[in-house]
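Have a look at the structure below, then the notes.
Heads up: numbering here begins at 1 and tracks the sequence. Here the structure is a predicted model, which means the values were calculated and not measured.
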Amino acid sequence: MTLFGRREAAPHRGYITVSVMLATIMQALDTTIANVALPHMQGALSATQDQISWVLTSYIVAAAIMTPPTGFFESRFGRKRLFLVAVGGFTLVSMLCGAATSLEEMVLFRALQGVFGAALVPLSQTVLLDAYPHEQHGQAMAVWGMGIMVGPILGPTLGGYLTEFYSWRWVFYINLPVGILAFLGVMAFVAETKTRKVSFDVLGFTFLSLGLGALQMFLDRGQLKDWFGSTEIIVESALGVFGLYAFVVHMFTTDKPFLSPAIFKDRNFVTGLFFIFIVGIILLATLALLPPFLQDLMGYPVLTTGYVLAPRGVGTLIAMIIVGRAITRLDPRLLILAGFLLAALSLYQMAGFTTDVTEWDLIWSGFIQGLGLGLIFVPLTTIAFATLDPKLRTEAAGLYSLMRNIGSSIGISVVTFLLARFIQENHMDLAAHVTPVNPAFRSPGYPEMWNLATRTGRAALDAEINVQASTIAYLNDFKLMMYVMLFAVPLLIIMRRPKRRAPPVEEMVMEQPQGATRHPPPAGCSASDPGSTDRGPDRRGSAGPICADGR
């Protein structure tokens, strides 16, 4: 029932929020929690470095392929049923991953984990948007964003702790209690949606699956296979380009496409896709660089690395809380601008790191970056979906999540590739100055261990050159990501601030007892609750209208 445009709260809204957030956090954690356990898995499963990488690749590829069909499955089988299947399947397969005894089993179960987990993020977003009235969508997305943003950030910390003190298998077993609670909550409190028979564009899905699968394989295995020096990478890149091109052509020429072209007519949503792509790059590419920087160059143990990175998540949480309260009062574009500038500032600080950087500097720069990303995510999601037809919401949420994941994959692949290239170039530049005539080798403070006359001395000097070349390479990557953030900012002018929508005529009146008097909006009532009914004297003692919220 609605009262003058304000929709009543969904029953058990708090329980719904907790249930879907448990599922969201479970899926978001699994994007990074297994990374730190890979060396332990490699030994336990007797796999090579090339083979163990499939543990990550299989999950990413399966999730990328199965994210876009979420809208179709929801329409065909119902949102609640799909949610229960996704949560239950993800939890069960997580147990199988933890119990795997061979590499083949692990890769298969991880692929199934990606299949079931693909629907969790878009479904949780849609459930929350439908559970909250329009004027509280910003707060709903703040809660949802905490799981999406904080999960990947805390993943390495939690994964490192579980692996260090228990076993790498607990990286997967930890999903059992979370999955059970989420399943019971969804079953008890989430309402089912109407199902309808919808056609499935098999050809469009095939083209999209081919394009996404080949693109993810190209990105994940490119550095390992020396990019276009490998026949495998050439084939994957060709298949990726062909699949995506064929999908776009098919989508705009068929009567019932796999993705509705109407989604791409919304300017805010299309711009939001680009911005969430950039956020995906920064979110996980930074996490891909910092752990090896801290462990390999600065000698930090796994647990200390996790603790140093944890304040990044604290910054994100604080930003989410702030945004949840401020988004109804401020232009969302201003919050996005502030977030981009803060994230760029943190990357500027990282671009000045040395191997002598203090823990406080690491914590502070990470906290600022978490604060910036937290300021971006909620208003960006809110404004991207603000003008979109609600009928397209689940389909759009799947595409939105897909763009974030693709941004993360591309970001990780690019910074990893550039890191290796920069290390080679920097080593050549630094080694060119290692000559007997260089006066630095005759300075009083020159270490004896770098004696060029001995083999041991030359090896020690080469090791130091590698450290310095690697440090410069990391800093170049941080600087590149800073430029990416700054260059994206001007596109904010494309996005429109959503206007307060007038309530539909049929919602302007609620069912009332006979004889009740209806009044126009009294002064001081907000646009979202302009109506009123006579319910007695106001605070000044005179009978008159009062707002729907009691003012």
Side-chain angles (χ1 to χ4, degrees), residues 2 4-10 13 17 20 24 70-71 121-146 148-149 259-280 319-320 322-340 373-404 488-504 507 526-530:
T2 57
F4 299 101
R6 169 170 289 190
R7 190 178 65 196
E8 281 189 353
R13 188 169 58 182
T17 303
V20 301
T24 302
T70 302
V121 172
L123 282 178
S124 63
Q125 182 180 9
T126 307
V127 168
L128 286 182
L129 286 173
D130 286 351
Y132 285 78
H134 183 268
E135 59 271 16
Q136 295 181 13
H137 277 183
Q139 298 174 14
M141 289 300 96
V143 175
W144 180 73
M146 288 182 187
I148 297 298
M149 300 293 285
L259 287 179
S260 174
I263 292 179
F264 302 99
K265 295 179 181 179
D266 190 289
R267 187 170 73 184
N268 274 14
F269 182 73
V270 173
T271 311
L273 290 179
F274 174 80
F275 276 118
I276 199 62
F277 175 83
I278 300 297
V279 171
M320 295 289 187
I322 295 173
V323 169
R325 297 178 177 273
I327 195 169
T328 57
R329 301 178 179 90
L330 298 176
D331 187 338
R333 294 171 297 182
L334 295 179
L335 294 172
I336 297 173
L337 174 62
F340 267 86
L373 292 174
L375 288 177
I376 295 171
F377 194 82
V378 176
L380 178 60
T381 304
T382 303
I383 198 171
F385 285 83
T387 55
L388 193 68
D389 187 342
K391 295 179 181 178
L392 302 172
R393 193 171 281 165
T394 302
E395 192 175 349
L399 184 60
Y400 193 75
S401 298
L402 177 65
M403 288 301 295
R404 177 173 55 85
V489 168
L491 290 178
L492 278 173
I493 61 177
I494 299 177
M495 303 190 85
R496 296 173 295 179
R497 181 180 184 179
K499 298 179 180 179
R500 287 186 178 272
R501 298 181 297 181
E507 294 186 356
S526 65
S528 60
D529 49 80

Using side-chain heavy atoms (C-beta onward) and a distance below 4.5 Å, is [X] in contact with [Y]?
X: F377; Y: T381; answer: yes
X: L380; Y: F340; answer: no
X: L388; Y: N268; answer: no
X: I383; Y: I336; answer: yes

Are D389 and K391 within salt-bridge range, i.e. N to O under 4.0 Å?
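Answer for the salt bridge query: no.
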
Measuring from atom [atom1] of [X] to atom [atom2] of [Y], what distance do you get when rounded to the nearest 0.5 angstrom?
X: L492; Y: D331; atom1: CG; atom2: CG; result: 9.5 Å
X: T387; Y: D266; atom1: OG1; atom2: CG; result: 3.5 Å
X: L399; Y: L273; atom1: CG; atom2: CG; result: 5.0 Å
X: F269; Y: I263; atom1: CZ; atom2: CD1; result: 5.5 Å

Would you mind telling me which of L375, T382, I376 makes a side-chain contact (heavy atoms from CB on, under 4.5 Å) with V323?
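Of the listed residues L375, T382, I376, the side-chain contact (heavy atoms from CB on, under 4.5 Å) partner of V323 is L375.
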
Which heavy-atom pair separates [X] from [Y] by the least distance, and what is that distance?
X: A397; Y: Q125; value: CB-OE1, 3.5 Å
X: G272; Y: A384; value: CA-CB, 4.2 Å
X: R404; Y: V121; value: NH2-CG1, 3.7 Å
X: A396; Y: F385; value: CB-CE2, 3.9 Å
X: V270; Y: F264; value: CG2-O, 3.5 Å
X: S124; Y: T24; value: OG-OG1, 2.9 Å

